[in-house]
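Here is the structure we will look at.
In what follows, every heavy atom counts, from backbone to side chain, and hydrogens, waters and symmetry copies are set aside. Every chain is numbered from 1 and lettered A, B, ... according to where its sequence line falls, protein lines coming before strand lines.
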2 protein chains.
Amino acid sequence: MQKSLRPSTPNMARPTTKDLARVAGVSRATVDRVLNGREGVKSETVEKVTAAIRELGFVRNLSAANLAKSKSYRFIFVLPRSGDQFLDEILRHIHEAGEVFASDMIWAEVQPIDENDPHQIAAFLATLSPGDVDGVAIMAPETPQLRDAMTRLAERGVCALPFISNQALSGDNLVGIDNRAAGKTAATLMGRFIHAPRGQILVIAESMQSRDSLERRLGFDQVINDSFSHLTTLPSLETYGSADRAERVITAATQRNPDIVGVYVMSSEARIPLEVLEKADLPQQIVSIAHERTPFTENALRNGNIDALITQDPGHLVRSAIRRLRALSDNLTTSTSQEKIRIEVLIATNI
Amino acid sequence: MQKSLRPSTPNMARPTTKDLARVAGVSRATVDRVLNGREGVKSETVEKVTAAIRELGFVRNLSAANLAKSKSYRFIFVLPRSGDQFLDEILRHIHEAGEVFASDMIWAEVQPIDENDPHQIAAFLATLSPGDVDGVAIMAPETPQLRDAMTRLAERGVCALPFISNQALSGDNLVGIDNRAAGKTAATLMGRFIHAPRGQILVIAESMQSRDSLERRLGFDQVINDSFSHLTTLPSLETYGSADRAERVITAATQRNPDIVGVYVMSSEARIPLEVLEKADLPQQIVSIAHERTPFTENALRNGNIDALITQDPGHLVRSAIRRLRALSDNLTTSTSQEKIRIEVLIATNI
DNA sequence: AAAATTTTGATGCACGTGCCTCAAAATCGT
DNA sequence: ACGATTTTGAGGCACGTGCATCAAAATTTT
């Protein structure tokens with residue numbers, strides 16, 4: 001009984017390509033050809049080698065392989081230069097991850113761009129060629145120019161990944177969350193948190209031009225209409241990132257609608273609208289839900305000024321993008337379960 | 001303008017120890033002595049080398065280092081053999097992670113133990129010695145015997161980490177969530193989801209012997225009492241993992257208390273109690289909150305039988321434990337931000 | 001100043017894989 | 001049976017670091 005609890009094999013040396021060659025009855029050169037999928041090996045020989053791989057449980061030693069290839073990766077994050085707090089977090093994590101991944105021969109850089117100038121983005125992407133860069137993660141609104149540029153980039157052999165900002169074209173390899181589901185999540189919490197028998201919900205965005213906001217709004221409205229029909233959602237207010245404009249449109253909306261019981265801030269920059277709302281001093285207690293964890297929103301959550309946050313982990317976003325870019329440029333498949341970005345729900349107790 | 005957007009340095013080779021030696025004006029042997037903290041180097045020489053490290057931005061090539069050391073890690077997960085669905089998930093992820101980490105020369109194994117027999121656990125840990133094993137992640141209730149065994153293990157140079165199951169002693173290096181905060185999170189959602197003006201909350205656990213359940217209960221009660229005083233919490237019901245007993249105690253409780261408006265299932269195995277409750281056919285709609293994502297709870301969430309789940313990502317738990325064990329056995333510091341296990345909130349829309 | 005000690009240099013092998021060349025062997029087509 | 005072609009073998013260098021040895025140089029102690 002005690003014996004059965006003893007760890008099985010003490011320190012078995014892991015099989016190497018040499019062992020493979022011996023067991024398969026071929027030379028190391030042939031093993032190499034099979035392992036790296038080179039031409040000119042008879043199919044039965046391939047079989048012998050793969051059989052040996054299975055038999056020995058051979059796993060390629062990545063350290064040795066990387067060393068031999070002396071390959072290094074260079075990835076570029078193309079990000080808007082407008083510095084809201086969420087972007088700052090992303091930047092911080094890129095630099096942090098850069099240090100960690102440095103020992104794996106991975107360099108991550110940031111290229112700020114003007115997200116509203118599709119030509120500039122396209123022009124930048126056009127300058128990239130393999131040899132310079134191994135992969136690009138792009139956070140920018142989807143435009144025909146960008147789509148074209150990304151297609152040409154792929155043709156030239158530089159892999160690209162949409163990052164956070166949703167792009168319909170490249171659907172399932174987006175590194176980011178399903179914004180429609182995020183909107184639904186916000187709506188469900190909103191609906192269940194509001195106890196008033198009826199009322200209106202203020203919806204605030206930076207701009208409804210962006211696909212992200214549109215999808216969040218779509219999901220939000222769907223759930224409110226289907227499951228919380230005693231509540232109504234007001235038309236989206238757009239701040240365009242300006243505090244002045246935010247103040248104007250929000251105060252106008254609050255005066256026009258005395259029955260506001262909830263506020264949903266869709267944009268990743270929640271500070272401006274929420275500060276305006278606080279000054280507005282609404283008649284009743286309202287439930288407010290926002291997106292993304294920033295120093296401001298985190299603090300507001302603790303104070304009770306925000307009731308819930310819908311977030312995506314910036315560190316995970318960055319690391320996932322890097323891992324997936326590396327897998328792409330090595331033509332590997334990623335372990336998908338690890339790479340799914342979760343829609344996180346934060347309340348005061350699980351910050 | 002276009003020019004400023006061009007990526008800066010094409011493919012700069014990374015500095016090696018040779019470069020360090022050249023720049024510092026010493027030999028590669030001395031660089032090696034400094035890098036690996038060996039004795040017998042004058043402090044000014046150390047300074048010269050560290051200055052060169054800073055100047056060149058040298059980062060040790062981990063692939064090469066690992067290869068040279070030809071070090072491999074062997075980690076053991078000591079887990080209860082009682083097979084609830086959450087444990088099954090953990091097991092699955094250990095095996096999955098095992099394949100991924102295999103290329104990093106890391107082997108992860110599972111040692112099932114009878115979690116209620118502290119002597120058996122202690123006896124097993126006593127068989128482990130460095131050379132056999134590099135690290136152990138232990139999921140078991142805290143007992144004096146276990147504490148002793150872990151201390152002796154550490155003295156022998158095998159590092160150990162409490163895993164999921166909270167152990168007070170080793171406080172901050174637990175791989176898992178803060179169960180008190182998890183209980184608080186459950187309570188906050190419970191309180192806000194319940195619209196009834198008053199009512200009682202059923203609390204079900206597998207056993208209140210375990211520290212985890214105690215802490216969850218503590219956090220839960222604190223928030224209900226402080227913030228939702230119109231609700232009252234009933235004494236914890238213990239199922240001891242038996243369906244029969246669960247049925248008995250739960251039906252007894254529901255008959256005794258007609259005003260139940262919420263159910264909080266604290267144990268990681270929510271299936272049994274929830275199935276019993278469904279049969280019980282309570283008078284009013286109740287809000288139910290449970291822990292851990294399993295095939296059953298996930299399905300119940302989709303069906304609306306569960307309103308929210310408080311979870312910890314099993315894949316993340318496993319990978320984090322492995323990374324931290326490696327860091328421990330290399331005497332490195334882990335990048336803490338990545339290793340914090342989040343208390344996740346799942347509702348039907350963000351599964 | 002000589003001896004003892006500490007500090008440094010020079011050099012080489014090892015780790016496991018990728019990649020290369022050249023020749024030998026096997027197989028094919030006629 | 002011959003040449004042409006495909007397939008395999010043998011061998012070696014490279015990657016960057018860890019680790020070892022032994023001698024040379026610098027520094028301290030006597």
Side-chain angles (χ1 to χ4, degrees), chain A residues 11-50 52-53 56-73 102-107 329-332, chain B residues 11-50 52-53 56-73 102-107 329-332:
Chain A
N11 240 352
M12 268 233 305
R14 293 224 337 217
T16 71
T17 50
K18 242 177 226 164
D19 300 317
L20 273 189
R22 188 171 37 73
V23 170
V26 298
S27 72
R28 215 178 68 77
T30 301
V31 169
D32 175 74
R33 295 190 244 263
V34 174
L35 277 180
N36 297 293
R38 293 184 231 287
E39 303 284 302
V41 185
K42 262 199 301 186
S43 56
E44 22 175 332
T45 312
V46 175
E47 244 324 301
K48 281 197 288 184
V49 175
T50 53
I53 291 177
L56 296 181
F58 171 85
V59 185
R60 185 205 246 83
N61 182 333
L62 262 195
S63 293
N66 286 338
L67 179 59
K69 278 188 294 206
S70 73
K71 161 146 196 170
S72 69
Y73 305 84
S103 51
D104 289 331
M105 313 294 285
I106 295 178
W107 296 50
S329 67
D330 283 348
N331 274 324
L332 298 178
Chain B
N11 240 352
M12 269 235 302
R14 292 220 339 213
T16 71
T17 50
K18 243 176 227 164
D19 301 318
L20 274 190
R22 188 171 37 73
V23 170
V26 298
S27 73
R28 215 177 69 75
T30 300
V31 169
D32 175 76
R33 292 180 178 111
V34 174
L35 277 180
N36 298 292
R38 292 184 231 286
E39 303 285 300
V41 184
K42 263 199 300 186
S43 55
E44 23 175 331
T45 313
V46 174
E47 245 322 304
K48 281 197 287 185
V49 175
T50 52
I53 291 177
L56 297 180
F58 171 85
V59 185
R60 183 203 250 92
N61 182 333
L62 261 195
S63 292
N66 286 337
L67 179 59
K69 279 189 295 207
S70 73
K71 161 145 197 170
S72 70
Y73 305 84
S103 50
D104 288 332
M105 311 294 286
I106 296 178
W107 297 49
S329 67
D330 284 348
N331 275 324
L332 297 178

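- Evaluation of the ring-ring contact (aromatic ring centres under 6.0 Å, His included) rule for B/Phe58 yields no partner, not counting sequence neighbours.
- For the pair A/Lys48 NZ and D/dG9 P, the computed distance is 7 Å after rounding to whole Å.
- Within the 4.5 Å cutoff, side-chain heavy atoms of A/Leu20 are placed close to those of A/Leu56.
- By the side chain to side chain contact (heavy atoms under 4.5 Å, CB included) test, A/Ser70 pairs with no residue at all, sequence neighbours left out.
- The side chain to side chain donor-acceptor pair (under 3.5 Å) contacts involving residues 31-44 of chain A comprise A/Asp32-A/Asn36, A/Asp32-A/Arg38, A/Asn36-A/Arg60, where partners must be two or more places apart or lie in separate chains.
- Direction of the helix axis in the helix from C/dA1-D/dT30 to C/dT30-D/dA1 shifts by 10° between the two five-pair termini, rounded to 10°.
- Within the 4.0 angstrom heavy-atom criterion, no nucleotide atom of any strand lies near A/Asn66.
- Evaluation of the side chain to side chain contact (heavy atoms under 4.5 Å, CB included) rule for A/Ser27 yields A/Ala29, A/Thr30 as partners, not counting sequence neighbours.
- Evaluation of the side chain to side chain contact (heavy atoms under 4.5 Å, CB included) rule for A/Ala24 yields A/Val26, A/Val49, A/Ala52 as partners, not counting sequence neighbours.
- At whole-Å resolution of the value, CG in B/Asn36 and P in D/dC19 are 6 Å apart.
- Straight-line distance from the CG atom of A/Asp32 to the P atom of D/dT8: 13 Å, rounded to whole Å.
- Residues satisfying the side chain to side chain contact (heavy atoms under 4.5 Å, CB included) criterion with A/Ala102, sequence neighbours excluded, are B/Arg14, B/Val59.
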Item to check | Contact pattern, 5' to 3', of nucleotides 6-16 of chain C - B, S or - by protein heavy atom under 4.0 Å | outcome: -SBBB-B--BB
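- The salt bridge (charged side-chain N to carboxylate O under 4.0 Å, His left out) contacts involving residues 17-30 of chain A comprise A/Asp19-A/Arg22, where partners must be two or more places apart or lie in separate chains.
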